[in-house]
Amino acid sequence: MHDETQQLEAFQARIDAGEKIEPKDWMPDNYRRQLIRMISQHAHSEVVGMLPEGNWITRAPSLRRKMILLAKVQDEAGHGLYLYSAAETLGIDRAELIEQLLTGKAKYSNIFNYPTLTWADIGMIGWLVDGAAIVNQTMLAKCHFGPYSRAMIRICKEENFHNKQGYELVATLARGTPQQRRMAQESLNRWWWPTLMMFGPPDDQSPNSAQLMRWKIKLQSNDELRQRFVDRTVAEAKAIDLEIPDPDLRFNEQTGHWEHGPIDWDEFWRVIRGDGPYNHERIRVRREAHERGAWVREAAEAYALKRREKAASAAG
Ligand code: BYC
């Protein structure tokens, strides 16, 4: 017992001194569990996040837009792979994580449980969803667990490109015909509030934040990051003459921040507990894709087995 207290103190002291924790270092069980939870939820979000956008690849309005969207969706698959690998360094198997997603046990970002109804939604995901992701992930790139922070550095570079292409798409619509402009505004109206929810519940209702902040996995709170996102996005909306759908939005001269109106947290909890507009559809499509990919996994395993056998016979 005494030893464990000392180990915990030494562990915290390393974090306080600014050291990164690496997978082979000693760590408390709860630290390992929390990181597996958070990194795997993040990995699932990247993979499920391919679905609302992938849905539009065949309907992109030009070859240029189609190439950009294809590249973006492929990037998201890559992000999922880096993150599953980072989670695996903590001693959990990827197959187990994927099982948790497919059986509905694991969470993934609330935002991907909404449908992409118009082409403007593709721009809105890049501008708002990737914009929110960058704000959150720039912080995570500085977190004190080595594999997560290194995965984030690479992911953030790609998210920046995603964010710029989304804003450019929305700006093009906003400056287009009246119909295109209406499409952009209508899309912003639907995506604004769920995007604010991406940062998680308010600080006083966030059960995991305090411990994650002590461990420097989170360096800023949910509300702080949400505020940072609102400040930067209000300015971007103004630049292209779109209106943020919040009658209470106002600039506070004293704090220098944009204050937003109340967020519907009942909707948030409903969606993350599995009852959002598209939860069932997302999991159905993911399961189908997983089943269709079974032959690829079998072929890769057979190939790996053959290589091991060959190496063993060469050695023996
Ligand atoms: N959605 O104590 P809290 C992308 C859950 S993908 C669903 O504040 P924490 C992209 C939370 O899990 C980017 N659930 O939690 C991809 C917890 O439940 P459990 C995705 C949420 O961990 C493709 C409960 O609510 N980014 O950009 O301290 C195409 C209480 O919350 C959400 C990440 O995953 C949510 N939004 O903070 C385009 C970032 N928020 O697990 C784009 C990594 C909260 O206790 N994750 N919950 O049952 C994080 O930074 C943190 O986990 C969160 C939540 C800020 C999300």
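Ligands are counted one by one from 1 in listed order, and the atoms in each one are counted from 1 as well.
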Discussion item. Give the residues near ligand 1 by chain and number, with the criterion being a heavy-atom distance under 4.0 Å.
Written reply: R37, M38, Q41, H42, S45, E46, G49, E53, K72, E76, K107, Y108, S109, N110, F112, V129, D130, A133, N136, Q137, L140, Y148, E159, M197, M198, F199, G200, P201, S206, P207, N208, S209, L212, K218, N222, F268, W269, I272

Show which side-chain atoms of residues 191-202 pair as donor or acceptor with protein atoms under 3.5 Å away, not counting sequence neighbours.
from: W191; atom 1: NE1; to: D121; atom 2: OD1; distance (Å): 3.2
from: W193; atom 1: NE1; to: P245; atom 2: O; distance (Å): 3.2
from: T195; atom 1: OG1; to: W191; atom 2: O; distance (Å): 2.6

Worksheet, complete the sentence: ring pair (Phe, Tyr, Trp, His ring centres under 6.0 Å) pairs touching residues 268-316, sequence neighbours excluded, are W265-F268

Response to the item:
The single option from R14, K20, R32 that satisfies salt bridge (Lys or Arg N to Asp or Glu O under 4.0 Å) with D25 is R14

Practice prompt. Output all residues satisfying salt bridge (Lys or Arg N to Asp or Glu O under 4.0 Å) with E243, sequence neighbours left out; order by chain, then residue number.
Written response: none

Worksheet entry | Derivation and outcome, side-chain hydrogen bond (donor to acceptor under 3.5 Å, both in side chains), residues Q227 and D231 | CA-CA 6 Å; Q227 184 62 60; D231 288 339; 3.0 Å; yes

Practice prompt. Using a cut-off of 6.0 Å, state whether more than 12 heavy atoms not belonging to Q179 lie near its atom CD.
Written response: no

